[in-house]
Amino acid sequence: MSKIERSFGVNWPIEVGNHPIVCQSNVLEESIDTASIEFAFQHPDELRNIILKSVKVEPLEKFDGKSFVCVWPTKFCPVGCDMCFFHSPKANMEKKTPETTLTQAGQSKFIQFVNAANTGELVIAGGGEPFHEPDFMNQIAEQVKADKIFLTTSGIWAKSKQKAETLLSNLYDAHTRNGNDTRLDIRLSFDKFHASKISPDHSLGYVWNLLEIFREKYRDADFRLSFHTMWGDETMQELLDKLPVSARTQKNNKTELISLADGFTFEIRWRRLFYPNQHANLNDRASVKSAKDIMNEDILTEHNGNMSVVYQNNGEPSGADFLIHYDGTVLNWGATSPDNEPSLYSQEYEEVMERALSDVLSLSVLEKGNAYRDSLIEEINPKAVERAKAFNLRDFYSRTQLEESSTRLYASVRIIQDYIAEGRISQEQVHNWPKILQMLISAKPNTLIDVYNKINHNIVHQYLEHEGTTADQLAHLYMLTRLGQYNVSPQNMVETVSKSDFRDKEQFNKYVAKILAFEFIDNLSHSLHSEQTPEGETSLLLEASRVVLMNLDELRIGGSEIIKALPSTLRSKFNEVIEILLSGRLNDLPPGEYAIDSLFLKRISKNARPTTTAKAELHTGNIDIHINIGGGEMAGFNTQGTATLDNAKKDPNTEGLILDCQPTQWKTLSPGEIAFIFPHTPHALGKGETEHKIEKAVIKLSLS
């Protein structure tokens, strides 16, 4: 029994005629304990567990018709496409683990699952290359009972014709031993992205090898070569132009049959191009709209409004749409809640379906489509729906949409309310639910919305409550908050983490260093893409975020993160800068100007000047990097308002501009600390409240 059940009691005795579901009346609404509902939304995971245990709705159908199954057998791929959403590691870079490749036990359980699921189509795909597991492919070809099997591959293994012949011969032999009248397609992912990576010289040797092998040896109608590409892809058309095509027959709006002069035929499967992006910027409204339009169109036209169900054209029962990960996770596509994901290793097909049909979050999508659940979630968290669509990959739609535990709870309660209104849940069932659950489903939507917004149990709290959360995960979440993906600002996240128990010094310092690196990267990107301030402009908007302060320890941790995210034109220069900063070489340099590794560097030893006499300066063509070596100094910046350029004078020594204004904010730069100052940022350093010697260095990094 959970602590919530212990607090509120497993049952709530209700007098006859005063059942909370009979009315949703004003009288009942007034009697609801709002504090209890608030308590529930402060503990959303526990309440979801109560719902999963207590609420059962008899499904209208079993979804046991012909199913669709997609499996990712491995995470590894030897191609290494730059655009690959899965970031699949090269096959020789990492050893296989149960998290990256289905084990032998998992492979056997997978075949049992597919055979029990009344599978119409099996698609073998993923970010990994299926032929990285050739024995498993042979096992599937021989043992799977499915109408069609589509083995999706990059085809990189066909660069060697001999290797291709061996792999295909073994696969064909296995297929011929399958007595289930199954069609097996080797579906080549062929587009400008894969082709340019596998065949940089544009010879497309691997494609010609496959075509030759199939034309010579495999004209079996049940063992075929086909192509998967994008609408309007020029690479596919260029290949067709080089082939002796005798006919092109449009089978439907997404499949075309190509006939060659020698009688050989193959299909081309045309699809729309998606733009999957885990780091979608929800602040960029134009790109968000474009991504949403693509996803909405795909759900409506390709999946009849429901990506979780396979609808039959012949009136037979509908089937379920499954996705199976290389770690064994089984999902009903777009329906399965992330807190209720089954696994091949512990659940068989019947248990997976039972789990889906007994969770209102999944059942509601299976029965009513994706738009239904979307609409309920939009009542309290429209960003969750927008994030899932901007992510632009239906594989993770449900995980992304239901990532926040409080959103899962709210949607569950609203779905239960609708099922009750439809007469799908009896009063007797509700009578046996825990008291707090009865309170939740008796509350009006407006009350639930008010409590949801008041409690604000956001994604940051969720991360911090998880014992295994690392600095890397928190830093990544911080980056996502900067992209507007959650109802929490970056500033709020920083404040929440700093006040939390996440205070292990090493982990906390690593987290701080990483978020400083993200600030640095973001500001650099802004500087690189912003227009240079035209000469004569009367004012300049000043932003505090144009300055990043970092100490050497933080730079040691965050330096690699900075380098990875920089434009390629600046990476080598910044490598030199970071190497210099971390090497300690600056301490030994006598005062003067130096050209070190193609960088301009000035070593300075001078007396601090009073802050009252400081004039701000700015630069337009370079990033200033100030490193305090000894003595400490006051660093001043303009962080709000505007600075006039009307009376600005060029500094003959630095090519910068001296402004007729003083900094508005001062910070202390201690020995070992570094200030990265971006173009168009008014600043003044080398100041002090007392007279003392300052030892420092300045590196100027040109953006040109």
Side-chain angles (χ1 to χ4, degrees), residues 69-111 113-114 122-144 149-168 170-171 174 184-191 193-200 205-207 209-210 228 274 276-279 322-331 341 343-345 393-396 399 472 476 564:
V69 180
C70 178
V71 61
W72 303 339
T74 180
K75 183 179 176 64
F76 299 107
C77 179
V79 181
C81 294
D82 296 333
M83 86 298 180
C84 180
F85 175 83
F86 296 93
H87 305 294
S88 299
K90 293 288 187 71
N92 60 352
M93 290 174 62
E94 190 176 343
K95 292 183 178 179
K96 291 190 293 187
T97 68
E99 288 72 39
T100 61
T101 304
L102 281 174
T103 65
Q104 286 189 351
Q107 293 172 4
S108 296
K109 288 180 176 293
F110 165 77
I111 290 175
F113 181 94
V114 173
L122 167 63
V123 173
I124 308 166
E129 168 55 57
F131 273 107
H132 185 53
E133 297 293 320
D135 292 340
F136 184 31
M137 297 306 101
N138 295 336
Q139 189 180 1
I140 288 173
E142 181 175 357
Q143 299 178 20
V144 159
I149 299 174
F150 296 96
L151 202 169
T152 307
T153 175
S154 67
I156 190 171
W157 43 272
K159 291 176 74 173
S160 163
K161 189 175 181 181
Q162 182 179 2
K163 180 178 181 180
E165 288 176 331
T166 300
L167 284 173
L168 291 172
N170 292 337
L171 191 68
L184 174 59
D185 271 34
I186 308 300
R187 180 185 283 172
L188 184 67
S189 291
F190 185 65
D191 48 60
F193 307 105
H194 285 92
S196 62
K197 190 71 178 180
I198 299 173
S199 183
Y206 72 106
V207 181
N209 285 341
L210 285 171
H228 183 284
F274 285 82
N277 183 9
Q278 183 185 4
H279 299 146
F322 296 102
L323 171 64
I324 300 177
H325 291 189
Y326 35 70
D327 65 358
T329 304
V330 183
L331 307 177
E341 294 180 350
S343 170
L344 278 177
Y345 295 102
L393 198 72
R394 69 187 186 102
D395 307 29
F396 299 110
R399 272 190 179 181
D472 287 343
H476 184 254
K564 285 190 291 187

Apply ring-ring contact (aromatic ring centres under 6.0 Å, His included) to [X] and list each qualifying residue two or more places apart in sequence or on a separate chain.
{"X": "Phe150", "answer": "none"}
{"X": "Phe131", "answer": "Trp157"}
{"X": "Tyr206", "answer": "none"}

> Relative to each other, are the rings of Tyr326 and Trp72 parallel, tilted or perpendicular (30° and 60° limits)?
Replying inline: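 Tilted, since the angle between the ring planes falls between 30° and 60°.
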Give a yes or no on whether the backbone of [Y] and the side-chain of [X] come within a donor-acceptor separation of less than 3.5 Å.
{"X": "Asn209", "Y": "Ala158", "value": "yes"}
{"X": "Ser199", "Y": "Ser196", "value": "no"}
{"X": "Glu129", "Y": "Thr153", "value": "no"}

Indicate the atoms forming the closest heavy-atom contact of [X] with [Y], along with that distance.
{"X": "Met137", "Y": "Pro73", "result": "CE-CG, 4.1 Å"}
{"X": "Ser343", "Y": "Val330", "result": "C-CG2, 4.2 Å"}
{"X": "Ala141", "Y": "Leu171", "result": "CB-CD1, 3.8 Å"}
{"X": "Leu344", "Y": "Gly106", "result": "CD1-O, 3.9 Å"}
{"X": "Ile156", "Y": "Pro78", "result": "CG2-CG, 3.7 Å"}

>> With a 6.0 Å cut-off on the ring centroids, do His279 and His476 count as close?
In response: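 Yes - the distance between ring centres of His279 and His476 falls below the 6.0 Å cut-off.
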Close side-chain approach of [X] and [Y], heavy atoms under 4.5 Å:
{"X": "Asp395", "Y": "Leu331", "result": "no"}
{"X": "Asp185", "Y": "Thr152", "result": "no"}
{"X": "Asp327", "Y": "Thr100", "result": "no"}

[atom1]-[atom2] distance between [X] and [Y], expressed to the nearest 0.5 angstrom:
{"X": "Gln104", "Y": "Gln139", "atom1": "CD", "atom2": "CD", "answer": "8.5 Å"}
{"X": "Cys70", "Y": "Arg394", "atom1": "SG", "atom2": "CZ", "answer": "8.0 Å"}
{"X": "Asn138", "Y": "Gln143", "atom1": "CG", "atom2": "CD", "answer": "10.5 Å"}
{"X": "Phe136", "Y": "Ser108", "atom1": "CZ", "atom2": "OG", "answer": "8.5 Å"}
{"X": "His194", "Y": "Ser189", "atom1": "NE2", "atom2": "OG", "answer": "5.0 Å"}

>> Working note: Arg399 + Glu341, criterion salt bridge (Lys or Arg N to Asp or Glu O under 4.0 Å); need CA distance, chi angles, decisive distance, verdict.
In response: CA-CA 10 Å; Arg399 272 190 179 181; Glu341 294 180 350; 2.8 Å; yes
> Is there a side chain to side chain contact (heavy atoms under 4.5 Å, CB included) between Lys75 and Lys96 once you walk through the steps?
Replying inline: CA-CA 9 Å; Lys75 183 179 176 64; Lys96 291 190 293 187; over 6 Å; no
> So Tyr345 and Leu102, side chain to side chain contact (heavy atoms under 4.5 Å, CB included) or not? Walk me through it.
Replying inline: CA-CA 10 Å; Tyr345 295 102; Leu102 281 174; 3.7 Å; yes
> Pick from Leu323, Val123, Ile324, Val114: which one makes a side-chain contact (heavy atoms from CB on, under 4.5 Å) with Val71?
Replying inline: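 Of Leu323, Val123, Ile324, Val114, side-chain contact (heavy atoms from CB on, under 4.5 Å) with Val71 is met by Ile324 alone.
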>> Given Asn170, which partner from the list Thr166, Leu167, Leu168 fulfils the side-chain contact (heavy atoms from CB on, under 4.5 Å) test?
In response: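 For Asn170, the side-chain contact (heavy atoms from CB on, under 4.5 Å) check succeeds only for Thr166.
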>> Run Arg187 and Leu151 through side chain to side chain contact (heavy atoms under 4.5 Å, CB included) and show every step you take.
In response: CA-CA 6 Å; Arg187 180 185 283 172; Leu151 202 169; over 6 Å; no
>> side chain to side chain contact (heavy atoms under 4.5 Å, CB included) for Ile140 and Leu122? Distances and angles first, verdict last.
In response: CA-CA 10 Å; Ile140 288 173; Leu122 167 63; 3.8 Å; yes
